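Down below is the structure, laid out as structure tokens.
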Amino acid sequence: MWLHYGQPPGPPSATLAFLANLILSVMREEDGVLSQDLLQRWGNRLQSALRHIDPGIQDMPSNLVRVRWNGLFVASMALLGKLDDTMDGCSVLFHQDDPKHKSTLRGHILQVYTIVALSVFHYHGAAAVLDFLIEHPWVDKYFTAEPNSPALVPDIKRFARTVLPLLSGITDPVGHLQEARTIRSDRQLSAMGSILIRVAARTGRDPYPILEFLQRHKIFVPDEVVFMVIKELARANSFDLASQLLERYSPEVVTPKGERRPRPGFHATGLFLASRRGDVAAAEKYYSFLSKRSQADADDKASYMHAYAVASQASKAAKLFDEFFPAGDNPRSKHEHPNIVHYTTIIFAYAQVGDLESVNLWLGKLSHAGFRPDVHVYSIILQTLAQRGDIESMSSVLDQMRRSKVSLTAVPYTTLITILGKRQDPHGAERIYKRAIDEGVVPDREMVTSIMNAHVESGSWQGAIRAFDYLMTPGRPGAALTIEVFNTLMKAYVLIAAPFRIVAHLFRQLGKVNLRPDARTFALLIQSACDSGFMDISEDLYKEMERLATEDKQTSLKANVHVLTIIMRGYLLTGRRLKAKGVMDRMKALGVEPNAITYAHIMKAYAEQTTSEGAQVAENLLRSLMRDEKRPWLQLERGRRLALETVYRPLLNAYAKRELVYDVERIHREMMDAGGEPTLGTLTALLDAYRRTGNIEGVRSIWPEIRRLGHEYTRHNSLLTSGQSSGPSLSGLGIIMCIPLSIYVDALSVAGEHGEVALVWKMLKDEGLQFDSHNWNHLVVALVRAGEPHRAFDIVENVILRYQAQARAQYGRGRDMHPSSPLSLDLPPPEEGDLPTPRPEAPLHNAPRRAQLSERTTKRMRNMTSIEERGSQDFAHPLLMLQQLSPLWNTWRPHGATLTLLGQVLDHLRSGRLVQPVRPNADAAFEQAALDATEMKLRTEAAGIVLGGIYDAFPRTVQLIAEYEIMKRSSQRGMQQDSS
DNA sequence: TTAGGGTTAG
């Protein structure tokens, strides 16, 4: 008995085959954790097993048995780590590895190569595996399946699948090639480069820099490898670069005999590229070329349909499917059967246009054809539902995936992270990421970028910087500085209202890191120029973008609705309506369709005018939009319901601000009649209108609706994060719930409903709502109105100022430039004591406010010329500086109005009067009813005690009030001097 | 487990 794993089966040839398979399966099982001990053990076992087989076997006439025996002997040496012997052995084996030989024999040799590669990797690392491959040039040909040996295909694939991932350990392939250039021949460099390109493509890294290096040094790269790079670029949406590469090739080659032939792979690659960019005309051209020569295979058919899917022509894609695969087709005609990808493509096509009914229909067809929906299919469906904001259905799809044991990959997880980011729940997004990692998903760049974006969206700059630093750390899964990562960082700068100078400086660094700006980069830069009021600069930038798009053929820089909307809004904000109108004309001329957001900005500009004419213009525009039968502006990515809200809200908000309750109600009703639904935003406008007009009944009627929507919102977030609906918790709730709470508290306390304020506050606190700085400031005011000055001061001293100290401490916290995880969840929590976690700083999704802040930050930073230069290779450094300099960083502070009121309270107490609660139908907090002398005396004493208590317990707040008053007085004096 | 799905701008 020489093996624990059973008796050797029968004749030598079968025994040898058994051994090869056994060792491979052991090595694969041990996947990645091969121990030296295990390799040695199996090397020895294999040698003793080989000795047990007839020693004379090497002289046997049967080539097959002899080669098998020799091959396994080489494998045993590899297992024992004898590198030189192994390499010599491989060179001998090479002579048997000939296309003339039977595929069983060559399959066996491939198995030996696989064992050798795994062993070499273990003993000597990734670079040694690459050396093995290029020093035995016959081996690397197996990275392409030879069409003339179909029986060998499974072995070839297994070989490539096992060996290529080993090489991903070479983290800097271009550097590796650069070094190899001194010792390797061009032939070897060519092989090396081709293999490294394959590895990059397979592991999702950008293969282009490798190709670029090889071409720069005039090293031959086979067409097939270049075409692979083109496909990878197309997959990564780098269409311009992909086209440029393909354009260097002629569609034909000339054979040695002088015949002209189509260049193999050229048309299929062109088709793939055209399909990805949704260029149906080009796809049609390539496809018909292939089809006429009967060279259109299953992949080409899928590509061709994909073109129509991307172009949002779902029914055309489905029509092609029916043409390619007619129903009732003879099941035995092998080529004409659709595979799961063909079905998936049609499902994707209908998902693109939001046609869920057809998605379901084709899902049925897919199942009927005997396929089971896999993770790709589910991902497409999840993405569609995410776009429509249908969280309930997303949750049931996730359940269904769990039930059918389809495990999630980075792709559906990224969809979940993205939607939570957009819902301003970075904590939820991080929890999903963590769950993915726990389930063994390897994160990629898209997934981490999505985490970074979740932080940027909600103004959690520290979190954004941490994710960015992770992406900038070589060797971390997904780490790379690509244009999306750069854009996400740039968005942080725009949202924090960085001075244009800083954003422009960042933009100028792009070239240094070999990145090209895309339309989004320009949109952000132009946005920053607009925020800073530099409209002439933004026009220049727009012209530059257009020039690059036309002269430089960078089609990704074509003007679009985003950038034009940004410029138009820039003009509207500075009151240049004629210029704004000019931008609309430009859109029309370019055939760019304005969407709901474009129109919302126009309506906002008019509705906010103080005259009623302005509102009338806005109403007329709204009505004409709704009258339009086709309503092209309704096609917003985020779904129809949101588009309706977008165009109705400017009027709702403007009317609420002007206290026109009737008009707010009317517009709200019109929105509902048009098929819209009340949202937290629209209900908040109603609530505000009622508050401003002292309509407490109205306030009371709306509040429960707001609470219901708030709960639904967080329930949805928790459906996505935990997979099940947990109890009421508002912890994931964004700023959206904080605003109505402030309004509600204000309205209640003005109406003298102090008990109700306390009740609501406690209830929301218990439900886990993260109060923002405004909420606390409002609470202070409400406590004064409730006749509770001591408690009001307590909130400032022990909540607001403590949060302030905490925030400052956090900014001072050291930055980990190379975090091992992108998550802030993995950081130790800040010292909080008994304070609940506050909301991060208010995000700046509000352009006028941003413009204001950008002006102030610019002034503050006037004397700090070094902020950009100091960290020229560290793109996040200025952001770190800004979050401390920006007026935003001081979110946690008592507001001016709060300090003024508390100052009045102190004066009031000093004058011997108590702070009386506001009572219903009374309007002064400090009213003093007529009292007899004794009562007066008692009250004066009581006021003194309260005052003393406040001085004793809240010295910092008292001090702050004094400073604030001095500052106010001196600034008033300054203003008087200015005016005199 | 080749393919097909996601990431960044108003």
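Nothing here was measured: the structure is a model prediction, and the numbers come from that model. Order of the sequence lines fixes the chain letters, A, B, ..., with proteins taken first and strands second; residue numbering starts at 1 for each chain. All values below come from the heavy atoms of this structure, side chains included, with hydrogens, waters and symmetry mates left out.
- Judged by distance alone, the side chains of A:Arg158 and A:Thr114 never bring a donor and an acceptor atom under 3.5 Å apart.
- OP1 or OP2 of B:dT2 has at least one side-chain nitrogen or oxygen of A:Arg161 nearer than 4.0 Å.
- Where A:Phe272 and A:Asn237 each meet DNA chain B at their nearest nucleotide, the meeting point lying more 5' is that of A:Phe272.
- Here the nucleotide nearest the side chain of A:His601, chosen from B:dG10, B:dG5, B:dT7, is B:dG10.
- Partners of A:Phe371 according to the ring-ring contact (aromatic ring centres under 6.0 Å, His included) rule, which considers only residues two or more places apart in sequence or in another chain, are A:Tyr343.
- On a pure distance criterion of 3.5 Å, a polar donor-acceptor pair joins the side chain of A:Asn595 and the base of B:dG10.
- With hydrogens and angles ignored, a donor-acceptor pair under 3.5 angstrom links the side chain of A:Thr414 to the base of B:dG6.
- Residue A:Asp518 contributes atom CG, which lies 14 Å from atom P of B:dT7 at whole-angstrom precision.
- Put simply, CD1 on A:Ile347 is 15 Å from P on B:dG4, counting in whole angstrom units.
- Judged by distance alone, with hydrogens and angles left aside, A:Thr344 brings no side-chain donor or acceptor close enough to the base of B:dG5 to form a pair under 3.5 Å.
- You'll find that the side chain of A:Lys157 is closest to B:dT2, out of B:dT2, B:dG10, B:dG6.
- Residues satisfying the side-chain contact (heavy atoms from CB on, under 4.5 Å) criterion with A:Ser407, sequence neighbours excluded, are absent altogether.
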